[in-house]
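What follows is one structure encoded as structure tokens, with my remarks underneath.
Atoms within a ligand are numbered from 1 in the order they appear, just like the ligands themselves. Heavy-atom basis, side chains included; hydrogens, waters and symmetry copies ignored.
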Amino acid sequence: MKTESTETQIDTEFLKTLSVLYVEDDEEIRELLSRFLRRWVGTLHTAVNGEEGAQAFHEYHPDVVVTDIKMPVMDGLEMASAIKSTSREVPIIVITAYSERDYFIRAIEIGVDQYVTKPVNTDILLQAIHKSARHRFHKRDMEKAEKLVIDSLEQTIGVLSRAIEMRDPYTDGHQKRVALLATAIAEEMNMPPSIITGIRLGSLVHDVGKIRVPSEILSCPRKLSKTEMDIIRTHLEAGYEILEGATFPWPVARMVVEHHERMDGSGYPKGLKGEEICMEARIIGVADVVEAMTSYRPYRPALGIDAAVEEIRKGRGTLYDPQVVDCCIHVLEKADFKFWD
Ligand SMILES: [Fe+2]
Ligand SMILES: [Fe+2]
């Protein structure tokens, strides 16, 4: 909770965009301050006690609440507590007499943002409203900007994903289906949403390095020779090289280069073991195997979901992370999981 301050420069245009709820039981003070506030803020709603104030809050969704503390029916702090329980981000300013300082502890616990002392200095009240609203909108703008950045990263990754799939029709949709399964596994593992977003995006480009592999090899209708397999395997480092220069909030380049590593060190390109492989790549690796086995390939028909489950079960703990395998099997057993549209 902030103390009174007179430092802030007031942006009157900004104040005109705000809607404020003012709650005060004393008619004379309410009339006086309302008249003052109406001159400065865009919209003013008033209420005569906490209960009316809480109702008005839910009806009008004001940007800022200004309230007296001692009021009949429901006091200002009870109202503040009710508002904060559903709308934590709404700034609440309490108007208080020095004698009411006992209420401060309660006000802090509730999360009241600022207080203004009685008798009210109108400049100070205006500054408190201005400061609280600025803070709230700044936070909202930052969240919006962050979402915009993530959206544009997703679009960039989507473009990259489509580019590789255009060149390689046999794996058309492969990355998208891997993303679908890897995301479902990560959700089953209760991973935080921001990490799940990274896994989805990493999955969408996990084979981007195949751009370096000649398309005759990618679409070869027979089993590949050792040399051809070695060429295919270069897609990991190629993918890393493509992505390492980009600054993502997730380790996308690592997810890409490590998705064929295996827990016992038998994978490639580096033969990393266990926790040396990032969790995101362990998840994408399992989703990749399951998707590849359930899909048609130029050199073989689709092997089916049972064969894929059998494969990851067999490799549980040796090739694949055991928790990832368990969660993947759970996901595949769920009736609502659909690999194919
Ligand atoms: Fe791959
Ligand atoms: Fe793949």
Side-chain angles (χ1 to χ4, degrees), residues 157-158 160-186 198-220 223-224 226-244 250-263 265-272 277-305 307-309 311-312 315 319-321 324-325 328 331-332 339-340:
I157 283 201
L160 212 54
S161 172
R162 281 194 297 281
I164 173 69
E165 291 190 349
M166 257 185 198
R167 202 174 153 261
D168 175 13
Y170 290 106
T171 57
D172 185 38
H174 163 70
Q175 297 186 118
K176 259 183 240 137
R177 287 190 297 273
V178 170
L180 207 67
L181 181 55
T183 305
I185 297 170
I199 291 172
R200 184 162 56 80
L201 298 183
S203 305
L204 282 172
V205 286
H206 74 273
D207 281 335
V208 68
K210 284 190 177 168
I211 208 126
R212 194 192 268 172
V213 178
S215 43
E216 310 84 76
I217 296 183
L218 290 176
S219 54
C220 184
K223 209 163 170 24
L224 297 175
K226 160 100 179 42
T227 320
E228 288 164 335
M229 272 311 289
D230 286 346
I231 295 173
I232 291 247
R233 287 178 173 201
T234 63
H235 80 278
L236 297 150
E237 270 134 346
Y240 187 80
E241 281 168 34
I242 290 169
L243 290 158
E244 72 173 333
W250 316 275
V252 179
R254 252 191 96 181
M255 293 183 221
V256 168
V257 75
E258 293 176 10
H259 76 271
H260 285 285
E261 299 286 1
R262 297 296 177 246
M263 297 298 278
S266 64
Y268 56 93
K270 287 195 179 140
L272 299 178
I277 311 161
C278 68
M279 182 49 93
E280 291 92 333
R282 282 182 253 164
I283 294 172
I284 296 171
V286 168
D288 189 33
V289 166
V290 171
E291 200 290 328
M293 288 185 70
T294 53
S295 298
Y296 161 79
R297 284 288 182 272
Y299 50 88
R300 62 145 173 82
L303 301 170
I305 205 100
V309 168
E311 160 61 25
I312 57 169
L319 300 179
Y320 314 114
D321 182 293
V324 175
V325 168
C328 180
V331 167
L332 294 172
F339 233 149
W340 308 91

The Fe ion (ligand 1) - closest N/O/S atom in His235: NE2
message: What is the name of the N/O/S atom of Asp207 that is nearest to the Fe ion (ligand 1)?
response: OD1
message: Using the ring centroid of each side chain, check whether His206 and His174 are separated by less than 6.0 Å.
response: yes
Of the N, O or S atoms in Asp288, the one nearest the Fe ion (ligand 2): OD1
message: Checking the side chain of Thr183 only, and the main-chain atoms of Ala179 only, is there a donor and an acceptor separated by less than 3.5 Å?
response: yes
His174 NE2 and His206 NE2 subtending at the Fe ion (ligand 2) (10° steps): 90°
query: From the Fe ion (ligand 1) out to just under 2.8 Å, does an N/O/S atom of His260 turn up?
result: yes
message: Does His260 form a side-chain contact (heavy atoms from CB on, under 4.5 Å) with Arg233? I'd like the steps, not just the answer.
response: CA-CA 9 Å; His260 285 285; Arg233 287 178 173 201; over 6 Å; no
Candidate list Leu272, Leu319, Ile277, test side chain to side chain contact (heavy atoms under 4.5 Å, CB included), partner Arg262, passing option: Leu319
Shortest non-hydrogen separation from Val290 to Leu332 and the atoms involved: CG1-CD1, 4.1 Å
